[in-house]
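Whatever order the structure lists ligands and atoms in, that order sets their numbers, starting from 1.
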Amino acid sequence: MSIYSADLMATKVVLITGGGTGIGKGIACAMGEHGAKVVIASRKKEVIEATAAELREQGIECESCVCDIRDYVSVTALMSFIMQTYGRLDVLVNNAAGNFPASVDQLSANAFRTVVDIDLNGTFNVSKAAFEAFLKGKGGAVVNITAPFEGWGVAYQAHAAAAKAGIDSLTRTCAVDWQPLGIRVNAVAPGSVSATEGTGRLTEALVGDRPTISCSPADIANAVMFLASDAGRFVSGEIIRVDSATGVDLLRIPVH
Ligand code: COA
């Protein structure tokens, strides 16, 4: 049973990038269960179409649209799709990300650039396009999915940690720049989330058989809904870590 009222997100149109799997799917599901009209976007057509069908079977209003967030033309096409389908966008969740465990010496220049391009530039692209198409006219909420890496050296994550640091900065700057327009911008930093591809690979590579404490996509969705809804109507520029202070302890090394 949800901790929120069933109509928390009613009348809201919500876009979730990377909404076909893992945390993004969990957020899409939770938003839809609380009354939102949900649009999920990702590069993988068959994945998001299957997820959208699954959510519709649960009674959720859900549409899918193929989009590569690295490509601004593809992102503006996504905004056109939302305009044609719903005519509005109230909440953007920048969740899409790419990652793999690799030490700095294992990373090529292209590998580093690829992850920064997906995570950081992709977050900028979708935020900017949503701002131009919808948010600047009537306000709204943006929630970026980052990582609890700030202030730490994170083993095997030079690419993702750099990108997430950029997302943290972008979150705070957009919050300030867009505050006069009624647009709130926040971030959620999940720790180890069970049953996601990213956690699976990182755990296998770095933790081996050691037990770890994981939360679920629904735990992340609860924090996202707080920030996206009127519950968080006076919260902006914040980064909320949702990892029970345990999520990536095994991966991070304090920077002195
Ligand atoms: N270790 C080191 N380098 C790696 C790597 C790994 N495990 N996986 C990919 N790379 C490198 C590639 O070799 C390539 O560099 P190169 O051209 O110098 O050889 C570069 O990263 C780009 O990889 P490529 O697969 O061509 O890019 P892509 O745009 O098709 O996909 C990802 C990029 C990140 C999406 C892809 O690595 C991927 O599918 N990851 C797993 C899925 C995922 O990220 N899920 C989200 C979890 S948060």
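- Distance check: Thr146 OG1 to Asn94 CG gives 11.0 Å after rounding to the nearest 0.5 Å.
- Annotation for ligand 1: atoms under 4.0 Å from non-hydrogen atoms of Arg70 are 29 (O).
- In terms of polar-atom proximity, Gln106 is not counted as a contact of ligand 1, lacking any N or O under 3.5 Å from an N or O of the ligand.
- Each of Val116, Asp117, Asn110 was scored for a side-chain contact (heavy atoms from CB on, under 4.5 Å) with Thr114, with one residue passing: Asn110.
- Ile239 and Val185 are assigned to two separate hydrophobic clusters, defined by single-linkage of ILVMFWY side chains at heavy-atom distances under 4.5 Å.
- Numbered from 1 in the order shown, with element, the atoms of ligand 1 that lie under 4.0 Å from a heavy atom of Ala97 read 46 (C).
- Residue Asn99 holds the heavy atom nearest to atom 40 (N) of ligand 1 of all those in Asn110, Ile145, Asn99.
- The line from CD1 of Ile23 to CD1 of Ile16 is 12.5 Å long, rounded to the nearest 0.5 Å.
- Each of the atoms 1 (N), 2 (C) of ligand 1 lies under 4.0 Å from some heavy atom of Ala102.
- Remark: the Ser216 side chain and the Asp219 side chain contain an N/O donor-acceptor pair separated by less than 3.5 Å.
- For Arg43, every heavy-atom contact with ligand 1 shorter than 4.0 Å involves the side chain, none the backbone.
- Applying the 4.0 Å criterion to heavy atoms of Ser108 picks out, from ligand 1, the atoms 15 (O), 16 (P), 18 (O).
- Distance SG/Cys174 to CD/Gln179: 13.0 Å, rounded to 0.5 Å.
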